[in-house]
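Inspection log for the structure reproduced underneath, given as structure tokens.
Side chains are part of it too, since the values below use all heavy atoms of this structure and drop only hydrogens, waters and symmetry mates. Position 1 is the first residue of the sequence; numbering continues from there. All ligand and atom numbering here is 1-based and tracks the order in the structure.
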Amino acid sequence: MMVPMSVTLPRPAGGWRNSAWRLAETVTTPLVPADYLDLFHPLRPGADLRARIVKVIPETPDAATIVMKPGADWEGHKPGQYMRIGIDIEGVRHWRAYSLTHGPREDGLISITVKAVPDGLVSNHLVRRARAGTLVHIAAAEGEFVLPPAGKLLYITAGSGITPVIGMLRNLYPVTDSGVLKLGRSAGYDIVVIHVAPSRPDSIFVRDLEALAEAGAIRLVARYNDRDGGFDVSRLAEAVPDFVDRKTLACGPAGLLDALAEHHAAYGLDVVTERFRTARVEAGEGGVVSFEKTGTDLDLDGSTTILDAAEEAGVLMPSGCRMGICMGCVIPLVEGSVRDLRNGEITTAVPGETEPGGIKVQTCVTAAAGACRLDH
Ligand SMILES: Cc1cc2nc3c(=O)[nH]c(=O)nc-3n(C[C@H](O)[C@H](O)[C@H](O)COP(=O)(O)OP(=O)(O)OC[C@H]3O[C@@H](n4cnc5c(N)ncnc54)[C@H](O)[C@@H]3O)c2cc1C
Ligand code: FES
């Protein structure tokens, strides 16, 4: 089991309580009382936000659902949102974003479903080594890819892109042992789901999707690469003739989302998308990045993000979504230039000329563009 981090409790205000607290801290040094509370009540109000894994459910050969009991300060989520989870692997905490695969549940538990990507550090750890009882760090739910108000919807998902969508569908139509429930809040929804996967056995949540389709809750268009040769966006009208009347939400690889955006633009339609990875432009020259406070210098190429390189070198870095959304990784650039890998834009800090204290840069999407110094 992971050893919980130490956190400091807000101190009781004034009087004998303060004295008692100080006495307790003295006799328990080097651990303060908050450390003991953390050991025995890591999910208590006021503690760093954590969750305890209660169950790991295999979904496909390389995907698993991690069901967790969140700490008391978890504020809930909207169906479709994601949360960040922090996992300690060999002494380094790694944060990644995962969509919540349920709407808010009566039992208060939350779940994510992770697909192990080749060479993926956190995804493989979660799918193959996560165990019930383990404590993980989490952050509050975020994201705008959420269940729209009732109406005609078209979801297009591929691979693990089904995860935020199943969260929205389950919130309307929970699949239970006694069948699919059509909750009152599902009134007024007319939903088509196109789901693309390498094959049926590789398709996460295929049984849920098929159960929803059989119950008449959704119309499912499954496209398996091994059976159907994938999904051709240009033939969307054949699969969903009334797609122009539907609000389209899509989650999947960049190629699919880009093709869909282009297809819809020709009809004057928007697509609401969720991307799990950032699209990158061609890299430029790298340079030596100096981390002033940690005293680390790294000679980096122009394609590796500063965040990835620093973590790899053992520098403790703040991070979050790792794709330029949450600002959880910003650090002041004090001198030199970095390149935004999403669009090639260069940011340059010149001491005495640009912002005092440095220009905040998102290290998860920037690479060195020559020598630079960071206030970290
Ligand atoms: C908003 C949001 C929601 C997400 N929801 C989910 C979810 O519900 N389920 C889920 O499984 N993942 C989800 N992800 C992706 C997840 O955050 C991680 O990026 C993914 O698990 C890979 O992390 P890793 O540590 O295993 O890989 P890393 O060790 O960071 O990377 C290893 C290699 O895999 C590549 N890689 C990184 N991410 C991906 C990816 N998504 N697909 C393919 N290759 C990749 C890297 O370029 C690198 O070459 C979501 C991401 C975002 C931003
Ligand atoms: S980690 Fe979210 S913006 Fe960089």
Legend entry - atom 23 (O) of ligand 1: the protein heavy-atom neighbour that sits closest, reported with distance to 0.1 Å: R96 NE, 3.5 Å
Legend entry - Under 4.0 Å to a heavy atom of T113 - the qualifying atoms of ligand 1, by number: 7 (C), 8 (O), 9 (N), 10 (C), 11 (O)
Legend entry - Part of V117 within contact of ligand 1 (heavy atoms, under 4.0 Å): side chain
Inset, instruction - For atom 26 (O) of ligand 1, find the nearest protein heavy atom and state the residue, atom name and distance (0.1 Å precision). - result: S123 OG, 2.5 Å
Inset, instruction - Could you check if a side-chain atom of L100 sits within less than 4.5 angstrom of a side-chain atom of M83, using non-hydrogen atoms only? - result: yes
Inset, instruction - Report, in ascending order of atom number, the atoms of ligand 1 lying under 4.0 Å from any heavy atom of R275. - result: 53 (C)
Inset, instruction - Check each heavy atom of I325 against ligand 1 and say whether those closer than 4.0 Å belong to the side chain, the backbone, both or neither. - result: neither
Inset, instruction - Scan residues 251-263 for pairs that pass side chain to side chain donor-acceptor pair (under 3.5 Å), counting only residues two or more places apart or in two chains. - result: D258-R275
Legend entry - For ligand 1, the portion of Y82 having any non-hydrogen atom under 4.0 Å away: side chain
Inset, instruction - Kindly confirm or rule out an N or O of Y98 lying under 3.5 angstrom from an N or O of ligand 1. - result: yes
Inset, instruction - Using heavy-atom distances, let me know which of K115, H125, R277 sits nearest atom 42 (N) of ligand 1. - result: R277
Legend entry - Pairwise side-chain contact, V289 with D297, heavy-atom cut-off 4.5 Å (strictly under): no
Legend entry - For atom 33 (C) of ligand 1, the option (of C326, P118, G159, A63) bearing the nearest heavy atom: P118
Inset, instruction - Mind checking how many protein N/O/S atoms fall short of 2.8 Å from atom 2 (Fe) of ligand 2? - result: 2
Legend entry - Residue part near ligand 1, for R322, under 4.0 Å between non-hydrogen atoms: neither
Inset, instruction - Please confirm whether V122 comes within less than 3.5 Å of ligand 1 when only nitrogen or oxygen atoms on both sides are compared. - result: yes
Legend entry - From NZ (K55) to CD1 (I66), nearest 0.5 Å: 12.0 Å
Legend entry - T163 contact mode with ligand 1 (heavy-atom cut-off under 4.0 Å): side chain
Inset, instruction - State plainly whether the residues R207 and E210 are in salt-bridge range, i.e. N to O under 4.0 Å. - result: no
Legend entry - Partner residues of T354 under the side-chain hydrogen bond (donor to acceptor under 3.5 Å, both in side chains) criterion, sequence neighbours left out: none
Inset, instruction - Could you verify whether a donor N or O on one side chain and an acceptor N or O on the other, from T113 and T65, lie under 3.5 Å apart? - result: yes
Legend entry - Validation row, ring centre Y155 to ring centre H195 under 6.0 Å: no
Legend entry - Salt-bridge present (D190, R246; N to O < 4.0 Å): yes
Legend entry - Salt bridge flag under 4.0 Å for residues R84 and E142: yes
Inset, instruction - Kindly confirm or rule out an N or O of E274 lying under 3.5 angstrom from an N or O of ligand 1. - result: no
Inset, instruction - Measure the distance from atom 17 (O) of ligand 1 to every protein heavy atom, then report the residue, atom name and distance (to 0.1 Å) of the closest one. - result: A97 O, 2.6 Å
Inset, instruction - Examine Y173 together with Y189 and report whether their ring centres are nearer than 6.0 Å. - result: no
Inset, instruction - Starting from atom 31 (O) of ligand 1, locate the nearest protein heavy atom and write down its residue, its atom name and how far away it is, to 0.1 Å. - result: G120 CA, 4.3 Å
Inset, instruction - Look up atom 44 (N) of ligand 1 and tell me if a protein heavy atom lies less than 4.0 Å from it? - result: yes
Legend entry - Partners meeting ring pair (Phe, Tyr, Trp, His ring centres under 6.0 Å) with F145 (sequence neighbours left out): none
Legend entry - Min heavy-atom dist I112 to ligand 1 below 4.0 Å: no
Inset, instruction - Give the numbers and elements of all ligand 1 atoms closer than 4.0 Å to a heavy atom of V114. - result: 11 (O)
Inset, instruction - Answer yes or no: is there an ion pair linking R322 with D308, defined by an N-O contact shorter than 4.0 Å? - result: yes
Legend entry - atom 53 (C) of ligand 1 within contact range, any protein heavy atom under 4.0 Å: yes
Inset, instruction - Identify the heavy atoms of A349 and L333 that sit nearest to each other, and give their distance. - result: CB-O, 3.2 Å
Inset, instruction - Could you tell me which non-hydrogen atom of I53 sits nearest to which non-hydrogen atom of A130, and how far apart they are? - result: CD1-CB, 4.0 Å
